[in-house]
There are 2 protein chains.
Amino acid sequence: MTKPKPDRPSGVTMRDVAARLGVSAMTVSRAIRGDSGIAEPTRLRVLAEVEALGYRRNDLARQFRTGSAHELVGLVVTNLANPFYSQLAVGVEEVATRHGVGVLVASTNGELDRERELVMDMAGRRIAGLIVVPASNDHGHLDPAGLEGAPVVLAATPPRGIDVDCVFVDDFNGTYEACRQLIGRGHERIGFLGLPASLWTGSERYRGYAAAMEDAGLAVDEQYVSRHRGDISLAEEATRRMLALPAPPTALITANNRNTVGALRILRHSPNPVALAGFDDIELADLLQLPLSVVAYDAADVGREAARLLFGRIEDTGVTKVGRQQVIIPTRVIDYPRPERG
Amino acid sequence: MTKPKPDRPSGVTMRDVAARLGVSAMTVSRAIRGDSGIAEPTRLRVLAEVEALGYRRNDLARQFRTGSAHELVGLVVTNLANPFYSQLAVGVEEVATRHGVGVLVASTNGELDRERELVMDMAGRRIAGLIVVPASNDHGHLDPAGLEGAPVVLAATPPRGIDVDCVFVDDFNGTYEACRQLIGRGHERIGFLGLPASLWTGSERYRGYAAAMEDAGLAVDEQYVSRHRGDISLAEEATRRMLALPAPPTALITANNRNTVGALRILRHSPNPVALAGFDDIELADLLQLPLSVVAYDAADVGREAARLLFGRIEDTGVTKVGRQQVIIPTRVIDYPRPERG
DNA sequence: CTGTTAGCGCCTTCAT
DNA sequence: ATGAAGGCGCTAACAG
């Protein structure tokens, strides 16, 4: 007849509060929830006792009883240390906080298996919903149908093969404009340091680059194109290789902030100047002594919009059932001209 | 007699799986938990059915039954968008993942009230433990005693008035060394752009600066000291003010990355060069054309160590009860010399 | 307005 | 090796 022994004593419960007041647990419950059907004096007496005893409602029990963890959403990104994702996370958090909901954050390190594990785990926790920046173009495991029905919103990438809302950046046009600007400045041999074609951002940003080249009557030369994962060291290597070509590019487009940083490190020591346009803004870009322009956008907004869509689904009581939604975050090219010497 | 109606259907339960197999729910439970007392063929039959039905254990129910959310720790920082905190978060996540535990992340924006709300909320969720980067020197609400006994570890700041483990950076020595280096290079009028004295980092880093000055026989002149919150704009303003002094400083120490960025923005346009040494490393510092040194340390390590301490407490079954632990993360000064022109 | 009843899904305990 | 009973803390539904 010994009670199950939780590792930590479970503490004061509603019944304890109720007992000390000679009322029922329901009365305490009502007072705490702010339920209307309770006399004001009773409510105050209960709240006072709650305070006195240091009682705190067990949300675990409540959420369990209610049927789902309405107060928790999941956020799965590739790497929280990348400023893009940490800003995105801030945006998500901002909106979630407004809804009184917590954010369970996890990084996949770009590994699909890890992503699978994480979303499964979150579904097991009965989170209210899930925002995912997919690590690949394989989205089968992100279908709400397999995740206890938890709504899913993809960020930075539109869904493939599943029917969920998404928010992504205007990758194509952003890159197109950046490239067009370089062309407008007289560049003809423009290199591209990109992400794998298997990633949405990889293919879209490449498309933008290629389209701008083509529209200007310039050929895309494969030796000026490198498509690798977004590591600084890989970007450095690719930049080095391109600079060593017989006719090196006079300008580079980098497909994300990691590539931009890698390219900058190498270009810094290049004897002849190479113009650089990179996707993603970079802090302190204004202080670098290099001709640089960036495709900027509000990363926090990606998170905010994703969260907005997600809460739309979570709170959708099944009546409206709008179709798949898609939000595209605009970009703008920012020019950080090389300052005058002195 | 209608069942309570959860907003989302709660889905397949253990009983459903059991029913289809003609066994009891306990058998399913045992199979899923990998409990030993179960026949191998039974186990396999159960797991197959689980797979077939797409059943996923309801962790909410399990954690509730078990008494606490063993699989969730909280992380409260001031602002996740600051690279220091996002790296710290990555470190925490890394260790938590190894323990099969999720991380609930939230930002306080430096507001004490928000911090209070957040830790209360997390305690209500019966999280297994809590890592906090305090927004102020008021730590009363971070006492585990008031948080359902959840262990707490402070990061970046040692506790005041409560008895919990902590991890912080060697703020004093880091700043001391950076300042000594500037002095060694002949600087005598060295300014300090810092954080409020009410913050641990604010006072310690100032102490390091002041001690280095004093040890070198240099006076600390109040007009060369500004102690404000760590905003870029405030740092810019303070830098501008100091440069406008009749005898402006020839070097500056900045107490965190936000101050460093602010100072850099202004120094960039200063006619006479001002040396800068800043606490916190900065990405691309190597590419700035300014004489800069930084006090660097591994921010992810702060998170890792904090998580390590936390899990030590969580898994401490009450037998060992070691005293308060304290980990100090070492710093090193990195020099980014102004490169040669060309 | 307040109390009683019952049960969410799972796991501990004890019985078989 | 498996099953039956019971309850974690809370709240929906109904009763008074």
Side-chain angles (χ1 to χ4, degrees), chain A residues 1-19 21-46 49-50 53 55-71 123-126 148, chain B residues 1-19 21-46 49-50 53 55-71 123-126 148:
Chain A
M1 269 301 69
T2 39
K3 286 198 240 176
K5 218 180 350 162
D7 301 9
R8 243 193 289 145
S10 80
V12 188
T13 75
M14 275 189 182
R15 260 193 267 286
D16 298 330
V17 181
L21 259 53
V23 300
S24 81
M26 265 319 290
T27 303
V28 178
S29 175
R30 281 193 257 259
I32 286 184
R33 289 203 316 273
D35 194 302
S36 56
I38 187 176
E40 187 62 12
T42 317
R43 204 177 65 82
L44 293 177
R45 271 202 320 142
V46 171
E49 191 62 27
V50 161
L53 256 58
Y55 166 77
R56 193 188 325 279
R57 177 174 60 188
N58 185 337
D59 283 324
L60 222 47
R62 192 171 67 86
Q63 288 173 23
F64 165 59
R65 178 60 176 82
T66 316
S68 95
H70 288 297
E71 302 179 348
R125 294 169 190 268
R126 300 300 192 271
E148 307 295 328
Chain B
M1 270 297 75
T2 39
K3 287 198 239 176
K5 223 188 336 168
D7 301 11
R8 243 194 290 144
S10 81
V12 188
T13 76
M14 276 190 182
R15 259 193 268 287
D16 298 328
V17 180
L21 259 53
V23 300
S24 81
M26 266 319 294
T27 303
V28 178
S29 175
R30 280 193 258 259
I32 285 184
R33 289 203 316 273
D35 194 302
S36 56
I38 185 174
E40 188 61 12
T42 318
R43 204 177 66 82
L44 294 177
R45 272 200 321 140
V46 171
E49 191 62 29
V50 162
L53 258 58
Y55 166 76
R56 195 191 322 281
R57 178 174 59 188
N58 185 336
D59 284 322
L60 221 47
R62 193 171 68 85
Q63 288 173 23
F64 164 58
R65 177 60 176 80
T66 315
S68 94
H70 289 294
E71 302 178 350
R125 293 170 191 269
R126 299 302 191 268
E148 307 296 327

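Distances shorter than 4.0 Å separate none of the side-chain N or O atoms of A/Thr66 from OP1 or OP2 on D/dC10. At C/dC8, none of the side-chain N or O atoms of A/Arg62 fall inside 4.0 Å of OP1 or OP2 (strictly under the cut-off). Neither OP1 nor OP2 of C/dG9 sits under 4.0 Å from any side-chain N or O of B/Tyr55.
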Which atom pairs, donor and acceptor, lie under 3.5 Å between side-chain atoms of residues 22-29 of chain B and protein residues at least two apart or in another chain?
from    : atom 1 : to      : atom 2 : distance (Å)
B/Ser24 : OG     : B/Met26 : N      : 3.3
B/Ser29 : OG     : B/Arg33 : NH1    : 2.5

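Of the candidates D/dT11, C/dT13, D/dA1, D/dT11 carries the atom nearest the A/Met26 side chain, counting heavy atoms from C-beta on. Ranking D/dT11, C/dC8, D/dA1 by closeness to the A/Met14 side chain, first place goes to D/dT11. Comparing D/dT2, C/dT12, D/dC10 by their closest approach to the side chain of A/Arg57 singles out D/dC10.
Qualifying side chain to side chain contact (heavy atoms under 4.5 Å, CB included) partners for B/Ala19, counting only residues two or more places apart in sequence or in other chains: none. For A/Arg30, there are no salt bridge (charged side-chain N to carboxylate O under 4.0 Å, His left out) partners, not counting sequence neighbours. With sequence neighbours left out, the side chain to side chain contact (heavy atoms under 4.5 Å, CB included) criterion links B/Leu44 to B/Glu40. Residues meeting the side-chain hydrogen bond (donor to acceptor under 3.5 Å, both in side chains) test with B/Glu71, sequence neighbours left out: B/Arg62, B/Gln63.
Taking the nucleotide of DNA chain D with the nearest heavy atom to each of A/Arg33 and B/Gly37, the more 5' of the two is matched to B/Gly37. The residue among B/Ala61 and A/Thr42 whose nearest nucleotide of DNA chain C lies closer to the 5′ end is A/Thr42. Between A/Ala25 and B/Arg43, the residue anchored closer to the 5' end of DNA chain D is B/Arg43, taking for each the nucleotide with the nearest heavy atom.
When rounded to the nearest whole Å, the span between CG of A/Leu21 and C1' of C/dG3 equals 15 Å. The CZ-P distance, from A/Arg30 to C/dT4, rounds to 11 Å in whole Å. Rounded to whole Å, the distance from CD1 on B/Ile38 to P on D/dT2 is 6 Å. Atoms CG (A/Asp59) and P (D/dT11) sit 9 Å apart, rounded to a whole Å. Note: CZ (B/Arg65) to P (D/dG9) measures 10 Å, nearest angstrom. Going from atom CG of B/Asn58 over to atom P of D/dG9 covers 17 Å, rounded to whole Å. When rounded to the nearest whole Å, the span between CZ of B/Arg15 and P of D/dA4 equals 12 Å. Between the CG atom of B/Asp35 and the C1' atom of C/dC14 there is a distance of 14 Å, given to the nearest Å.
Within the 4.0 angstrom heavy-atom criterion, base atoms lie near A/Ser24.
You won't find any donor-acceptor pair under 3.5 Å spanning the side chain of A/Arg126 and the base of C/dG9, going by distance alone.
Considering all non-hydrogen atoms of both residues, A/Leu60 and B/Arg125 come closest at CD1-O, 3.7 Å.
Two residues are said to be in side-chain contact when any heavy atoms from C-beta on lie closer than 4.5 Å; B/Tyr55 and B/Glu49 fail this criterion. Counting heavy atoms from C-beta on, the side chains of A/Val12 and A/Val17 come closer than 4.5 Å.
Residue-nucleotide stacking is not present for B/Phe64 and C/dC10, judged by a side-chain ring centre under 5.5 Å from the six-membered base ring centre and planes under 30° apart.
Axis angle across the helix from C/dC1-D/dG16 to C/dT16-D/dA1, with five pairs used at each end and values rounded to 10°: 40°.
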